[in-house]
2 protein chains.
Amino acid sequence: MLERRAGEHGFSLIQTRLLGVLRDRRPTINELATLLGLNKSSVSGLVDRAERRGLVRRIPSAVDRRSVQVALTEDGRALASKVSARFGADVAAMLGPLTAADRATLTRLLSRVLVEHAAARGVDMLATGANARAGDGG
Amino acid sequence: MLERRAGEHGFSLIQTRLLGVLRDRRPTINELATLLGLNKSSVSGLVDRAERRGLVRRIPSAVDRRSVQVALTEDGRALASKVSARFGADVAAMLGPLTAADRATLTRLLSRVLVEHAAARGVDMLATGANARAGDGG
DNA sequence: TATTGTTATACTCTATAACTATA
DNA sequence: TATAGTTATAGAGTATAACAATA
């Protein structure tokens, strides 16, 4: 569903993940590669294409002249918010048939599965707040 | 997780979906395009690459000489089974932390959400048996 | 005329390896 | 020497449009 919503705005799942990751970070290319699980050269091209569309920009690092920081533009932030909101509405609609009590149960069980799955891989989802955001690539 | 398991055997998610779809069907290129949600020219290339690896073969249709049927080879079937089994084990391990009762509850609630979501799009999951198979592209 | 599948073309996405600028 | 990022290259995956063969 996220991919379909992104497609409505003419961009891909990985571009959506890029925008999502940048909503609360200003990472370097290397950090982005780790966050997205990609090679740094892949990220370089990804950022090129997003920059060409005016969604992100490269900011030279003040402390290390080899390095750049990648940040959302206003257009990029607006697009990320719109796609995220629509995706959230999709999920809400999908859960509509359940009673409120069943939705609460489902949320509790799934959260536990996901948190423990992440913990088994050394990621503390409760600490980062990643569990509260949709489409952030985490 | 499915993509990661597929990657262990050197192939992609879409190739895995192709093999999964072919486990109980022998569709034409056009039918595959509908099943996978792709353009027929994309499917033509997809089948080319799978055929080059010996995983599928093209069988000329007996009734329409324009048409071909795509079928798994023995190698393709073995690979599909192996990836499917590993993915099933991944899911089982992920649900391990839950009690048996919680697993049953989660299964019941998720099944209902998915079945109704499919029904809203005109797909009867209970009739096709698609709900009983992992990695079949449905 | 219409349909099936392939091919030509163009673009995104991905990785590896080589490169540059800086550290 | 080591690291950050880019570029060259190669390949998969995708769509559109044009095409050949068949219906």
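The basis for the numbers below is simple: all heavy atoms, side chains too, and nothing from hydrogens, waters or symmetry mates. Chain letters run A, B, ... following the sequence lines, proteins first and then strands; every chain starts at 1.
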On DNA chain D, compare the nucleotides closest to B/Q15 and B/R66; which residue's is nearer the 5' end? B/Q15
Can you see if the side chain of A/S42 gets near the phosphate of C/dA15 - specifically, an N or O under 4.0 Å from OP1 or OP2? yes
Nearest-angstrom distance from the residue atom NZ of A/K40 to P of C/dT14: 17 Å
Give a yes or no on whether the backbone of A/L32 and the side-chain of A/R25 come within a donor-acceptor separation of less than 3.5 Å. no
First and last nucleotide of DNA chain D, 5' to 3', lying under 4.0 Å from heavy atoms of chain B: D/dA12 to D/dA23
Figure out the CZ/C1' separation between A/F11 and C/dC13, and round it to whole Å. 16 Å
Can you tell me how far C1' of C/dT14 sits from CG of A/L13, to the nearest Å? 14 Å
Within the 4.0 Å heavy-atom criterion, would you say A/S41 contacts the bases, only the backbone, or no part of the nucleic acid? base
Sugar-phosphate, base or nothing in reach of A/T28, heavy atoms under 4.0 Å: sugar-phosphate
Step-by-step side-chain hydrogen bond (donor to acceptor under 3.5 Å, both in side chains) determination, B/S41 to B/N39: CA-CA 5 Å; B/S41 76; B/N39 187 276; 3.0 Å; yes
For the side chain of B/R103 and the backbone of B/L98, is there at least one donor-acceptor N/O pair under 3.5 Å apart? yes
May I have the distance from A/L55 (atom CG) to C/dT12 (atom C1'), rounded to whole angstrom? 15 Å
Interatomic distance, CD@B/Q15 vs CG@B/L19, rounded to 0.5 Å, equals 6.5 Å
Nearest-Å distance, CG (B/L46) to C1' (C/dT7)? 16 Å
Can you name the nearest heavy-atom pair linking B/S84 to B/R23, along with the distance? OG-NH2, 3.4 Å
Assess, by modelled atom type and distance only, whether the side chains of B/N30 and B/T28 contain a donor and an acceptor separated by less than 3.5 Å. no
B/D64 CG to C/dT6 P, straight-line distance once rounded to whole Å: 13 Å
Any base atoms under 4.0 Å from A/V43, or only sugar-phosphate, or nothing? Heavy atoms, all strands. nothing
I'd like to know if the side chain of A/T16 pairs up with that of A/R5 as donor and acceptor (distance under 3.5 Å, no hydrogens or angles considered). no
Which whole-number value in Å describes the distance from A/L18 CG to C/dT14 C1'? 15 Å
Using heavy-atom distances to pick each residue's nearest nucleotide on DNA chain C, tell me which of A/N39 and B/I29 is more 5'. B/I29
Side-chain atoms of B/N30 come closest, of C/dT14, C/dT4, C/dT12, to C/dT4
